[in-house]
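Sequence lines set the chain letters: A, B, ... in the order given, protein chains first and strands last, and positions in each chain run from 1. All heavy atoms count here, side chains included; hydrogens, waters and symmetry mates do not.
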There are 2 protein chains.
Amino acid sequence: MRAGVIIVEDDRSVREDLVALVRTDERLRLLGAFSSAEDALRGIPALQPQLIVMDINLPRMNGIECVARLKLLLPQVLVLMLTVYEDGDSIFRALKSGATGYLVKRDASEKLLDALQEVQRGGAPMSAHIARQVVQYFHRSEMPAAEAERPSPREREILDLLVKGLILKEVADQLGISLETVRTHVTHIYQKLHVRSRTEAVVKYLRQSQ
Amino acid sequence: MRAGVIIVEDDRSVREDLVALVRTDERLRLLGAFSSAEDALRGIPALQPQLIVMDINLPRMNGIECVARLKLLLPQVLVLMLTVYEDGDSIFRALKSGATGYLVKRDASEKLLDALQEVQRGGAPMSAHIARQVVQYFHRSEMPAAEAERPSPREREILDLLVKGLILKEVADQLGISLETVRTHVTHIYQKLHVRSRTEAVVKYLRQSQ
DNA sequence: CCCGGCATCCCCCGAACGGAGGATAGTCGT
DNA sequence: ACGACTATCCTCCGTTCGGGGGATGCCGGG
């Protein structure tokens with residue numbers, strides 16, 4: 001059976017090139033193409049693809065965030081990141097998010113199909129140099145959260161109460177501040193921890209503080 | 001300043017006796033009396049009492065559960081449990097939930113006021129025999145969850161997905177079942193873990209599985 | 001002196017959630 | 001064969017959440 005493929009790429013002409021390319025390969029079946037991370041998150045789960053080709057540089061939510069979320073919904077899916085960036089940080093974050101391969105855009109037209117095959121065979125298409133960095137990266141246990149990414153003291157105070165199971169209104173009463181203020185703090189916490197729900201925030205917070 | 005007192009007792013005549021008793025003591029100020037745990041939970045936080053006299057044997061939610069929840073909202077409040085039960089298990093669960101003293105009902109009329117004073121002085125009004133058991137109890141690290149209290153395999157499967165931050169709809173898609181089914185499972189999980197929100201459930205689950 | 005981070009408060013809105021019902025069906029042990 | 005536990009699906013309803021705005025005041029670094 002042919003492997004289902006999804007393309008996520010905001011540039012229309014590039015996207016159409018990729019779509020055309022995938023269609024030339026009889027081992028692949030193109031299930032769809034999206035032009036934004038948000039659309040991809042909504043549409044992909046129902047399509048149950050085996051492979052995703054994801055551009056990193058997307059408007060609003062980037063491809064790395066998008067892959068991280070998709071991997072929660074489709075743990076089995078194989079992701080090939082596509083990008084113009086070659087810096088180590090992007091590579092790390094992409095792979096950390098769950099991507100299997102990392103292709104530079106200028107190589108896409110000639111290497112995409114080979115890379116997709118390699119991904120399916122259990123490989124990880126990328127240069128030896130990058131592979132080396134990857135190994136080293138995973139030896140470092142945790143991505144050191146950037147300075148501005150850490151919740152402020154007040155925000156941590158609120159997190160502590162959320163961990164206890166209090167709802168927002170109870171947190172407000174407890175701290176003697178308004179519900180709206182708590183809401184704002186919580187929004188900021190979500191942004192800093194890159195999550196979108198209380199549960200995710202609490203789990204991440206507990207894990208970070210050992 | 002006089003210490004604010006709340007009474008929670010479902011039997012009207014007993015409740016009125018207690019109210020009258022507290023009113024005779026000029027060192028105390030009666031802030032209110034409730035006849036159910038649910039009403040108490042709704043009303044007490046706003047009253048900010050220093051002392052709570054709580055009956056264990058209440059309809060629906062019992063006094064122990066009620067105290068556990070109140071303690072989340074008012075960590076400073078001192079609780080004196082009132083009960084007809086003298087068995088070790090009730091005592092343990094009451095104190096575990098955050099109660100400071102434990103008075104048998106038949107002693108209430110003559111010892112309540114003294115007990116409230118003692119609680120405020122940092123004491124713990126109960127017999128030496130009980131105090132001994134308490135010490136031993138806290139040496140045992142955890143209350144072994146009853147057999148029927150443990151989530152079923154399917155429920156744990158769902159908990160695992162909730163820990164990852166998935167919302168109910170995503171869990172449903174992931175498991176190939178309907179949203180309603182997930183909702184039912186989650187309700188059962190809440191009942192077994194004695195919680196009322198996803199956050200509480202996830203935190204408790206993570207802590208129980210080390 | 002201005003900008004960024006922080007803390008506070010407010011509004012709107014749609015989606016998600018939690019509680020309380022009820023229902024069917026399969027398994028398992030007594 | 002009967003009761004329990006489990007898993008599945010459903011409706012109704014009020015509350016809570018999360019995202020999107022915007023606003024003020026304080027403080028500290030550049």
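- Helix-axis bend for the helix from C:dC1-D:dG30 to C:dT30-D:dA1: the local axis fitted to the five terminal pairs at one end deviates from that at the other end by 60°, rounded to 10°.
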Go along nucleotides 16-30 of chain C 5' to 3' and tag each nucleotide: B for a protein heavy atom under 4.0 Å from its base, S when only backbone or sugar atoms are that close, - otherwise.
-> SSBS-----------
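- For C:dA7, the OP1/OP2 oxygens have no side-chain nitrogen or oxygen of A:Thr181 closer than 4.0 Å.
- A salt bridge does not link B:Asp160 to B:Lys164: none of the charged nitrogens lies less than 4.0 Å from a carboxylate oxygen.
- Residues B:Ile56 and B:Leu82 form no side-chain contact, since every pair of their non-hydrogen atoms from C-beta on lies 4.5 Å or further apart.
- For B:Arg29, there are no side chain to side chain donor-acceptor pair (under 3.5 Å) partners at least two apart in sequence or on another chain.
- Residue B:His185 is in base contact, counting any heavy-atom pair closer than 4.0 Å across all strands shown.
- In this structure, the NE2 atom of B:His188 is 11 Å from the C1' atom of D:dT8, given to the nearest Å.
- Scanning both residues, A:Leu31 and A:Pro49, for their nearest heavy atoms gives CD1-CA, 3.7 Å.
- Judged as a side chain to side chain contact (heavy atoms under 4.5 Å, CB included), and not counting sequence neighbours, the contacts of A:Thr184 are A:His188.
- Listed by chain and number, the residues in a salt bridge (Lys or Arg N to Asp or Glu O under 4.0 Å) with B:Glu200 amount to none (sequence neighbours excluded).
- By the 4.0 Å N-to-carboxylate-O rule, B:Asp11 lies too far from B:Arg15 to be salt-bridged with it.
- Between the CD atom of B:Glu180 and the P atom of D:dT11 there is a distance of 7 Å, given to the nearest Å.
- When the side-chain nitrogen and oxygen atoms of B:Lys192 are compared with OP1 and OP2 of D:dC5, none of them lie within a distance under 4.0 Å.
- For residues 42-52 of chain B, the set of pairs meeting the side-chain hydrogen bond (donor to acceptor under 3.5 Å, both in side chains) definition, not counting sequence neighbours, comprises B:Asp39-B:Arg42.
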